[in-house]
Visitor: 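Here it is, the structure, as structure tokens.
The structure presented is a predicted model; accordingly, all values stated were derived computationally and were not measured. Chain letters run A, B, ... following the sequence lines, proteins first, then strands; residues in each count from 1.
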Protein chains: 2
Amino acid sequence: MTMHNPPHPGEIIRELCLDALNLSVTDAAAGIGVTRKTLSAILNGHAGVSPEMALRLSKAFGSTPDHWLRMQNAFDLWKLRSKAKTLRVKRYITNETHA
Amino acid sequence: MTMHNPPHPGEIIRELCLDALNLSVTDAAAGIGVTRKTLSAILNGHAGVSPEMALRLSKAFGSTPDHWLRMQNAFDLWKLRSKAKTLRVKRYITNETHA
DNA sequence: GCGCAATGTAACCTATTACGTTACAGGTGT
DNA sequence: ACACCTGTAACGTAATAGGTTACATTGCGC
């Protein structure tokens, strides 16, 4: 059980959508209208959830497209956490807490 | 005053960040550490807010990276609204409201 | 009017990503 | 052995983010 903070959306999709419904990757891919390769890449963290994929996921498995994209955002920002410190950006504001 | 629902994040950046602080595009681009071309493309809706750009915006102008990405998500999904209807996706759930 | 700064953007480059097809190797269950 | 599922490599396309350089337009100070 690898735990990394946060998990990529693929792990969630596999657990909450495929496993929960006893769906194979092959069947789920056909169901949402993409190739098995495309879905597999997301499930294993080799691709992100695109806006169109978020729409497909919400249609197939519920929740909102926004919800799936937010999971992707959180993961993308987590991946950038080290690079974030190196960004040299001028602060035009003073009175605010930053992430 | 073009109003389209929702505005692209560039409009918000221009109004709430540049105009409010009396910042030129050239200066703001230098401030956040990108080229004038890159910032201009976002301001005029020719490019989206990437995760790294969201980090720069939050550092420079406040709010959270998540906030800037959510604006981008909303715009991306709005652009897909017509394509969304044509997506043929199997519904594995029944009891839910979809966006 | 003349110069100059700011702006948008075109032309070109690179790297990355999403998506596709086809094909292969490894596992598992019957 | 055979059928099936899975991951993934190798190849393609299209789109996107970022860069550099250069150009035309606009607006402002003088």
Visitor: Considering only side-chain heavy atoms of A:Asn44, which listed nucleotide, D:dT8, D:dA22, C:dA18, is closest?
Guide: D:dT8
Visitor: Please tell me which of the listed nucleotides, D:dG18, D:dT8, C:dT9, lies nearest to the side chain of B:Met53?
Guide: D:dG18
Visitor: Rounded to whole angstrom units, what separation is found between the NZ atom of B:Lys37 and the P atom of C:dT14?
Guide: 15 Å
Visitor: Check whether any side-chain nitrogen or oxygen of A:Thr26 sits under 4.0 Å from OP1 or OP2 of D:dC4, and answer yes or no.
Guide: no
Visitor: Nearest heavy atom decides the nucleotide; on that basis, is B:His46 or B:Arg36 closer to the 5' end of DNA chain D?
Guide: B:His46
Visitor: What is the distance, to the nearest angstrom, from the NZ atom on A:Lys83 to the C1' atom on C:dA15?
Guide: 11 Å
Visitor: Which pair of non-hydrogen atoms, one from A:Arg88 and one from B:Arg56, has the smallest distance, and what is that distance?
Guide: O-NH1, 4.5 Å
Visitor: So which atom in B:Asn44 and which in B:His8 form the shortest heavy-atom distance, rounded to 0.1 Å?
Guide: C-NE2, 3.7 Å
Visitor: D:dG19, OP1 or OP2 - any side-chain N/O from B:Thr35 closer than 4.0 Å?
Guide: yes
Visitor: So which atom in A:Val49 and which in A:Pro9 form the shortest heavy-atom distance, rounded to 0.1 Å?
Guide: CG2-CB, 3.8 Å
Visitor: Between D:dG18, D:dT8, C:dT9, which one does the side chain of B:Ile42 approach most closely?
Guide: D:dG18
Visitor: Using atom CG of B:Leu23 as one end and atom C1' of C:dA5 as the other, report the distance to the nearest whole Å.
Guide: 16 Å
Visitor: Just how far, in rounded Å, is C1' of C:dA18 from NE2 of A:His8?
Guide: 16 Å
Visitor: Among D:dA10, C:dC19, D:dA17, find the nucleotide with the atom closest to the side chain of B:Ser50.
Guide: D:dA17
Visitor: Provide, to the nearest angstrom, the distance between the CD atom belonging to A:Glu11 and the P atom belonging to D:dG7.
Guide: 13 Å
Visitor: Calculate the interatomic distance between A:Asp27 atom CG and D:dC5 atom P; express it in whole Å.
Guide: 6 Å
Visitor: Examine C:dG8: is either OP1 or OP2 under 4.0 Å from a nitrogen or oxygen in the side chain of B:Arg14? Give yes or no.
Guide: yes
Visitor: When you measure from the side-chain N and O atoms of A:Ser24 to the phosphate of D:dC4, is any distance below 4.0 Å, counting only OP1 and OP2?
Guide: no
Visitor: Within this structure, what is the CG-to-P distance between B:Leu18 and C:dG8, rounded to whole angstrom?
Guide: 9 Å
Visitor: On a heavy-atom basis, which atom in A:Ala28 and which in B:Tyr92 lie closest, and how many Å separate them?
Guide: CA-OH, 4.0 Å
Visitor: Identify the heavy atoms of B:Trp68 and B:Cys17 that sit nearest to each other, and give their distance.
Guide: CH2-SG, 3.9 Å
Visitor: Does C:dG8 have OP1 or OP2 sitting under 4.0 Å from an N or O in the side chain of B:Ser40?
Guide: yes
Visitor: Would you kindly give the CG-to-C1' distance between A:Asp76 and D:dT16, to the nearest whole Å?
Guide: 14 Å
Visitor: Using a cut-off of strictly less than 4.0 Å, decide whether B:Thr38 has a side-chain nitrogen or oxygen near OP1 or OP2 of D:dG19.
Guide: yes
